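Chain naming here is simple, since letters A, B, ... match the order of the sequence lines and numbering starts at 1 in each. Just so it is clear, the model here is predicted, and its values are computed rather than measured. Heavy-atom basis, side chains included; hydrogens, waters and symmetry copies ignored.
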Amino acid sequence: MASGVWVLIEHKGGQLAAISKELLGKGKELADALGQPLGALVLGDSTGGLVEQAFAAGAAKAYVVEDAALANYTTDGYVAAAKAAIEAHQPEVLLTGSSLQMRDLTGALAAELGTGLAPDVTGIKVEGGSVQAMRPSHGANVINTLSFGEARPMIASVRRQVGQPIQGAGSGEVVKVAMPQVTIRTKVRKVEERTGAVNLADAMVIVSGGRGLGSPDNYTKLIPELARVMGGTHGASRAIVDAGWIAYERQVGQTGKTVAPKLYVACGISGAIQHLAGMRSSNTIVAINKDADAPIFKVATYGIVGDVNEILPALTAEVQTKTGK
Amino acid sequence: MHAVVCVKQVPEQNSVKITPDKKVDASGINPIINLFDEYAIEEALQWAEKSNGQVTVISLGSDDATDSLKKALAMGANEAVLISDAALADVGAQGAAKVVAAAIKKLGNVDIVFCGKQSTDDETGQFGPALARFLGWPQLTYVFKVHELTASSIVVDRALEDTLETVESSLPVVVTAVKDLNEPRYPSLLKIRKVSKQPIPTWGLSDVGLSVGDLGGTIKISDRVPPPPRPSGEMISGDVQTQVKALVQKLVESQVL
Ligand SMILES: Cc1cc2nc3c(=O)[nH]c(=O)nc-3n(C[C@H](O)[C@H](O)[C@H](O)COP(=O)(O)OP(=O)(O)OC[C@H]3O[C@@H](n4cnc5c(N)ncnc54)[C@H](O)[C@@H]3O)c2cc1C
Ligand SMILES: Nc1ncnc2c1ncn2[C@@H]1O[C@H](COP(=O)(O)O)[C@@H](O)[C@H]1O
């Protein structure tokens, strides 16, 4: 019978990714509720040090597939490695982050195993003995509760900030799994950092600008600077992405990124339903708009009616004074 | 080269309703081709034009999905197939992928399948990877540039959160498209009129050799609710200095800053 809640560990430069620590925290909750052990699934070409970090973050067991073929992520290589470990040790649940690479992996892995996948979930819990996942769809206009069929493991890719990391847990047992024979049909030729790449999904503070800024110059002058002093990054509405003021990767909304930072500041953004879809689950929302009837104020925690060209420089200066940045 | 494009028809706005029996009701909302699928269609057309190939579009959906298939034909696709069956009303992304995989096998001689990276209604991003597995083909997801495509191989750039990967694959392959992969064309009025009478074959589940028991039922959606309302907010008034001072004070006090 299947048993165990596993977290697929993401890592870079020998360090556990923040999402994996969060998921080990969430996995521990699920494991305790199911009365099952928490495992870490570690895949890579050099996994030294990662198992200790996984134990420190709560795992009781680490299932390790180490092979040169896992140096770069490939769907074929990672599906084969995960499948080998799963078939040998039969976990009940497998959690991964919801990064694009993990979405690529879980979609394929679930189909390969014939099991259920709850993609990009914002919550997961044990309710009356069974696992339930929550996920938004339709631009966050619908919150779905998902339950799983009979097949195991139940797989979920989980967003940031759903779990809380555990500090300083103990040690655990390492279980090695051999890399199976597999033909990897794709070849990674090059991996480069994206110039101007922004990971909006991971930002704690996002300051976004919209058409109300009036010009691309005003955006460049006002928005990144406020984001900087607030310790975050800058985003945008689709109107100004389409107008060419700023790159698409900054777009928040239904056809851009979905974000849920601690603080979202919307400057000169009307709050169209497609924009709200991407940011309405942010913790605190500040809206600055000259139109008191703008729909953005309906979701705002704090609202200021005023001209962004006057408010933003004053706000940047005040944040700097108060926080010393 | 024979390319297939998977096209999903979705509501233009997501202001959908939830019915008492917890289904999504998009009635009254204009249906459109999923945004990302337009890039998939355009990319398939461009490469087919270069190689004298052909493009088939497939959609699994209700009968009115022929509207989206007609638009794809008007953009330049050669053939279209609608998969429609009452048994597929609640099929999830993985089940849909299994059915479309069977349809692609039935077509035969397909070299490449283009999908969108995600649908703007269900947003699972699962269909493309599941389809590739059911076909037994490799997959290239989140593709934002196709550098070369020959009879046996493809080289693309994948756009991930903070890296760009250049990846090569053998064919046949499944590719999923992100926004701005290209500039999708508008169909001309002449073309729209020309295809309006082109017959679109409709296949049911048994036409692709499957039955309800094959669909999996791996995920059930047991509840759907609207998002919780946000707690009511607070407007901060006064002159500019008063406003920003009060705002920063509140953000610092609540440990947001
Ligand atoms: C299928 C589809 C998908 C979409 N996807 C997205 C998406 O992903 N993201 C997205 O953002 N949009 C999306 N949109 C577009 C969306 O509907 C809106 O058009 C867009 O969000 C508007 O951007 P905006 O708020 O910057 O501009 P506007 O709607 O023009 O609003 C500008 C605001 O600035 C205010 N303003 C003007 N001057 C000042 C000033 N001096 N000081 C302060 N305030 C001022 C105005 O009162 C107004 O509220 C999508 C639309 C469709 C149809
Ligand atoms: N019912 C469907 N018919 C045809 N293609 C689909 C269907 N559902 C999903 N797809 C394809 O899969 C992509 C991703 O959809 P999803 O997995 O729902 O996010 C879409 O952009 C389409 O290319």
Practice item. Report the distance from atom CD of B:E12 to atom CD of A:Q274, rounding to the nearest 0.5 Å. Key: 8.5 Å
Exercise for review: Working to the nearest 0.5 Å, report the span between CD of A:E192 and CG of B:D157.
Suggested key: 7.5 Å
Exercise for review: Can you tell which part of B:L164 gets under 4.5 Å to a heavy atom of chain A, answering side chain, backbone, both or neither?
Suggested key: both
Review point. Do you know which two heavy atoms are closest between B:T218 and A:G116, and how far apart they sit?
Key: CB-CA, 3.4 Å
Study note, to complete from the structure: If one checks every heavy atom of B:L131 against chain A at 4.5 Å, the contacting part turns out to be neither
Review point. Contact part of B:Q94 toward chain A, heavy-atom cut-off under 4.5 Å: side chain, backbone, both or neither?
Key: side chain
**Study point:** With A:E310 via salt bridge (charged side-chain N to carboxylate O under 4.0 Å, His left out) - residues at least two apart
**Key:** none
**Study point:** Region of B:S15 that comes under 4.5 Å of a non-hydrogen atom in chain A
**Key:** both
Check your understanding: Checking heavy atoms, do the side chain of B:V225, its backbone, both or neither come under 4.5 Å from chain A?
Key -> both
**Study point:** Exercise: identify the closest heavy-atom pair between B:F36 and A:T255
**Key:** CZ-O, 4.4 Å
Practice item. Under 4.5 Å heavy-atom distance to chain A, tell me which part of B:A159 shows up: side chain, backbone, both or neither. Key: both
Point to revise | Per-residue contact mode, B:D180 against chain A (heavy atom under 4.5 angstrom) | key: side chain
Study note, to complete from the structure: Smallest heavy-atom separation, B:P227 atom then A:A140 atom, equals CG-O, 3.2 Å
Check your understanding: Between NZ of B:K22 and OG1 of A:T145, what distance do you get to the nearest 0.5 Å?
Key -> 8.5 Å
Study note, to complete from the structure: When every non-hydrogen atom of B:E123 is compared with those of A:R103, the smallest separation belongs to O-NH2, 3.4 Å
Exercise for review: Please flag which part of B:L247 lies under 4.5 Å from any non-hydrogen atom of chain A: side chain, backbone, both or neither.
Suggested key: side chain
Check your understanding: Which bit of B:V16 is near chain A, if near means a heavy-atom gap under 4.5 Å: side chain, backbone, both or neither?
Key -> side chain
Study note, to complete from the structure: Paired with B:V256, the side chain to side chain contact (heavy atoms under 4.5 Å, CB included) test is passed by just one of A:N283, A:T284, A:V205, namely A:T284
Review point. About how many Å separate CG of B:D121 and CD of A:Q254, when rounded to the nearest 0.5 Å?
Key: 9.5 Å
Review point. So which part of B:V24 gets closer than 4.5 Å to some heavy atom of chain A, the side chain, the backbone, both or neither?
Key: side chain
Practice item. Kindly compute the distance separating OG1 (B:T163) from NZ (A:K190), expressed to the nearest 0.5 Å. Key: 12.5 Å
Exercise for review: Please flag which part of B:V173 lies under 4.5 Å from any non-hydrogen atom of chain A: side chain, backbone, both or neither.
Suggested key: neither
Practice item. Look at the side chain of B:Q139 and the backbone N and O of A:D104, then say whether any donor-acceptor pair between them is shorter than 3.5 Å. Key: yes
**Study point:** Structural part of B:I18 lying under 4.5 Å from a heavy atom of chain A
**Key:** side chain
Review point. Under a 4.5 Å heavy-atom cut-off, does chain A meet the side chain of B:R224, its backbone, both or neither?
Key: both
Study note, to complete from the structure: Under 4.5 Å to a heavy atom of chain A? For B:A130 that would be both
Point to revise | Heavy atoms from other residues, nucleotides or ligands near NZ of B:K106 exceed 12 (cutoff 6.0 Å) | key: yes
